[in-house]
Visitor: 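My structure is below; once you've seen it, I'll send some questions.
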There are 2 protein chains.
Amino acid sequence: MKSTNHIKTDIEIANQAKMKPISEIAGMLDLHEDEWEPYGHYKAKLSLDVLDRLDSKPDGKVILVTSINPTPAGEGKSTVTVGLGQALNKLGEKAVIALREPSLGPTMGLKGGASGGGYAQVMPMEEINLHFTGDIHAITTANNALAAFIDNHIHQGNEREIDPRKVVWKRVVDLNDRALRQVIVGLGGSLNGVPREDGFTITVASEIMAILCLAKDLEDMKGRIAKIVVGYKINNQPVTVRDLGVEGALTLLLKEAIKPNLVQTLENTPAIIHGGPFANIAHGCNSVIATKMASKLGDYVVTEAGFGADLGAEKFLNIKAPSANIKPEAVVIVATIRALKMHGGVNKEELAEENLVGLEAGMANLQKHIETIQSFGLPFVVAINRFHADSEAEIAYVKKWCENNQVEVALSDVWANGGEGGMDLARTLLSAIEVQPNNYRPLYNESEPIVTKIEKIAKQVYGATKVEFTADAKKQLIEFNKLGWGNLPVCMAKSQYSLSDNPELLGRPENFTITVRELRPSIGAGFIVALTGAVMTMPGLPKNPAALKMDVDKDGNAIGLF
Amino acid sequence: MKSTNHIKTDIEIANQAKMKPISEIAGMLDLHEDEWEPYGHYKAKLSLDVLDRLDSKPDGKVILVTSINPTPAGEGKSTVTVGLGQALNKLGEKAVIALREPSLGPTMGLKGGASGGGYAQVMPMEEINLHFTGDIHAITTANNALAAFIDNHIHQGNEREIDPRKVVWKRVVDLNDRALRQVIVGLGGSLNGVPREDGFTITVASEIMAILCLAKDLEDMKGRIAKIVVGYKINNQPVTVRDLGVEGALTLLLKEAIKPNLVQTLENTPAIIHGGPFANIAHGCNSVIATKMASKLGDYVVTEAGFGADLGAEKFLNIKAPSANIKPEAVVIVATIRALKMHGGVNKEELAEENLVGLEAGMANLQKHIETIQSFGLPFVVAINRFHADSEAEIAYVKKWCENNQVEVALSDVWANGGEGGMDLARTLLSAIEVQPNNYRPLYNESEPIVTKIEKIAKQVYGATKVEFTADAKKQLIEFNKLGWGNLPVCMAKSQYSLSDNPELLGRPENFTITVRELRPSIGAGFIVALTGAVMTMPGLPKNPAALKMDVDKDGNAIGLF
């Protein structure tokens, strides 16, 4: 830990970093000159030709970083992911980091940026947290172009007989904007189209984001886009993008966005950042293309999935990995003393004080996520992501607990010390890969009924005793089965704060029911979304958004991006 | 003219072009290494530091390209602008082109692309026509972030007492989407904010687009953003962005977008493309920063303003030039035989046939635009933008007409022959600058009342006999004067197809009234928008949008971008 009085902010550390020109990072990965394009001096887009050239090269080992349920105390999963990548490189391994791109919604709202922290950040943090290389904007545009084509089709004669009451395609913005959750469009007379109820979601929940993240190449993406269900006819037959004939135009809008983005960490470790679905309302993993490319360019890929192991990791292991034929090597489960204490009932204001009783109570949350990763048959280690106020006794307690439970554990001090602070974790991880057996398998077969898949996730991953379906969801189950969608995997939408669908229940809740209130088809992405509890696909802004503290000086330097 | 059977499409010509690396184009302009950043191999963002470094260098000569009223026959103003820049360079002058960035709305809707045509195009045309360097997306995001902040402010207690019925800030998409013209937001109960009537405009009509195009630097942009009026209190006092405290965050979102973009033409003439307000619903000119920078980097700047001289040129000469202290040197008025014949009453289907009677009748439209440019006191030449089917007799007729009216004229064959086809035009222009007196002055003083400004434009530029204000507009006039906004210039919103506010009236309509139906304050941009006739700030898609023909092949090459 730094012992200076002033703890530097992420942006201060970032501004003092010495970045290498992106050409050097590309060189470290032995990329050919024509396989990357610069976007400024420190970002590059990578050509998908890399995957063809390295097709026969064996894949590097994929390490998945996940965590306990997040709390307002912070868990620092991205920070550990970045720090672990840096540490592996320090150990002489060739590691490449694969991350999601931050969404502007939480950046402007609560978080103020998401690119790791302290001495374990990806760079240039300002640009990564703002528009980056424009991929999310391209997705927003393609998503909303499709919405315009749908309403225009209805307005111009409705040849495909779309029922305006059954349009399921929503518009998006990459912002937190609760006023757009439920709207009526097409008002003002017949010049303005057909009035109908509608709503916006955040871009990172768009099916086009999911498709970009699951597609293997441009052709695969176009095929998936064509399969998107935009609505239904009066007779409930689905209408797809192919029926509207716009899959070519939408794919054209995404032709650059499909290329993964190369950047570097503070210690010049290569990082590929691409795609950014949230894990609570979407599938929560960076793109398959990015992970594949990282695994061809490095011997180790350190990647993360969003929120806790109940969300991002579950989806990585049940949706992304099987669909892309990725075989993960091991999992890192990140926990912080602070967050464990919150799970044990300690108030946020009291987290700075040592509290072994609270800590002990909170271990149940970690315990459940450990069981989840074990149920997938994967080697794993627990990483204690060290914070300033953690006491030695608290750290010793967690270590002892792990020892008693025969769980590998390592302290991660990457926030304060970068890669150097992750050496223990890296060594523990490499040894776990050697020693622990890898019997990875998804929790369910795609051929099982949707209900079974949801019940397996709810009971085995969340610890629920029961799953209830609302009347609407039951009707959808019947419809979806009729339409032949029963064999798709399920993408759960659930609060990230709790193992249950009630964000108030921290720790390890027991005897609870998961309520599935709605199912949504994402046929292009290749899954069914199940919305549980009160989870919303469009967040709202807090009373004092992070944006209030943001600014830019006259030389163009960002202020307030944490 | 090419005499081959197959006339190549713009995209075919573009794909065969030999682009130079953007580093070479930057080198041609003597830009320092740290003054530009690559965006791919053929685009760059330019640092505003260039303006400081060259502050004491005399400005290059600014040539404004405008045209007669556009018709479905096409006038080719961008093509002439690009071709003229190429021709000036061929003559040994150092010319830089300054253009607007195309909006995706018309690209996906009617036009299928807008970056010049034939052998007078800017490159890389695919990227310029799609997301380019992301500037428009950054504007969309900043615009919609502000909308989210407004609705969040009202929802979270409404400290500034914004009347939800008087929010004037609209959300935007860079698409043609008529269903969003009138909407209701905030439905679904108190969790989703406060319900209110709202509407979307196209991004290119956003005040933030206007601000970006009129700002001198980052600080000026922030100051202008702070002044944006977002709505009114119950007592009709305006509420501004400064009141909400988010001008810093919004400027941060635009810190890269404010940097102009360098590209090249098919003949490697440097072109700066930056900003893209439409001229019918906004002020229609590329950014002041781009024009200024081009005038520091070149001895001649060839720039265009949107649609006919009644719209883009009027705004260039009454709004942009005075506000930025730009002194234009000369104007090129582009006309085509085809469009003149349409103005003379010839049907679109019959344009390929020679029709001297129709042509003669159509000259009245050109005549009016000539008078307009004369009334600004500027040297000018008429450019006949040659099309395939123009007969020698028709061309001779226009030339003779110009001679009889003592108007300089030149044939432009840049579509078919690039810069070589623009040599006559370039020579005629250079001579006009030498010979014709330059008594440039705007049509009105800012101190004149809003009504007077509108009447001067309507009568002197459009040829109207009368201006009527609706009851709403009259009320707004009184309010705006009370609020001290009476001394701002006026940005007219009017149909581009006619000199009147009725798009059906081609040629040179007489004895018509202009109806001002609404005034909107753009205090950050520094003007009052006056909406006339039925002009709409959100276009709709046609029955068969250009998008239906668009596609991308598996190697990522665009199809259908004309």
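Lettering follows sequence order; numbering is per chain, from 1.
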Visitor: Using only atom types and a distance under 3.5 Å, with no angle test, would you say the side chain of A/H41 pairs donor to acceptor with the backbone of B/E37?
Guide: no

Visitor: Just give me the residue among B/N557, B/T133, B/L218 that pairs up with chain A most often, heavy atom to heavy atom, under 4.5 Å.
Guide: B/L218

Visitor: Do the ring planes of A/F200 and B/F200 sit parallel (below 30°), tilted (30 to 60°) or perpendicular (above 60°)?
Guide: parallel

Visitor: For the residue pair A/R178 and B/N192, confirm or rule out a side-chain donor-acceptor distance under 3.5 Å.
Guide: no

Visitor: With a 4.5 angstrom heavy-atom cut-off, is it the side chain or the backbone of A/L130 that approaches chain B, or both, or neither?
Guide: side chain

Visitor: So, do A/D177 and B/N144 sit near enough that their side-chain heavy atoms are less than 4.5 Å apart?
Guide: no

Visitor: Are A/L548 and B/V246 packed together at the side-chain level, in the sense that at least one heavy-atom pair is separated by less than 4.5 angstrom?
Guide: yes

Visitor: Counting only N and O atoms by type, is there a donor-acceptor contact under 3.5 Å from the side chain of B/K543 to the main-chain atoms of A/H153?
Guide: no

Visitor: Would you say that B/M550 contacts A/L250 through its side chain, given a criterion of any heavy-atom pair below 4.5 Å between the two side chains?
Guide: no

Visitor: Where does A/R171 contact chain B at under 4.5 Å (heavy atoms): side chain, backbone, both or neither?
Guide: side chain

Visitor: Other residues, nucleotides and ligands only: do more than 12 of their heavy atoms fall within 6.0 Å of CD on A/E219?
Guide: yes

Visitor: Find out whether A/T141 and B/L104 are in side-chain contact, i.e. whether some heavy atom of one side chain is under 4.5 Å from a heavy atom of the other.
Guide: yes

Visitor: Chain A heavy atoms under 4.5 Å from B/E126: which part of the residue, side chain, backbone, both or neither?
Guide: side chain

Visitor: Side chain, backbone, both or neither: which part of B/D198 has a heavy atom under 4.5 Å from chain A?
Guide: neither

Visitor: Where do A/V552 and B/L252 come nearest, in terms of heavy atoms and distance?
Guide: CG1-N, 3.7 Å

Visitor: Kindly indicate whether the side chain of A/D551, heavy atoms from C-beta on, has any atom under 4.5 Å from the side chain of B/K222.
Guide: yes

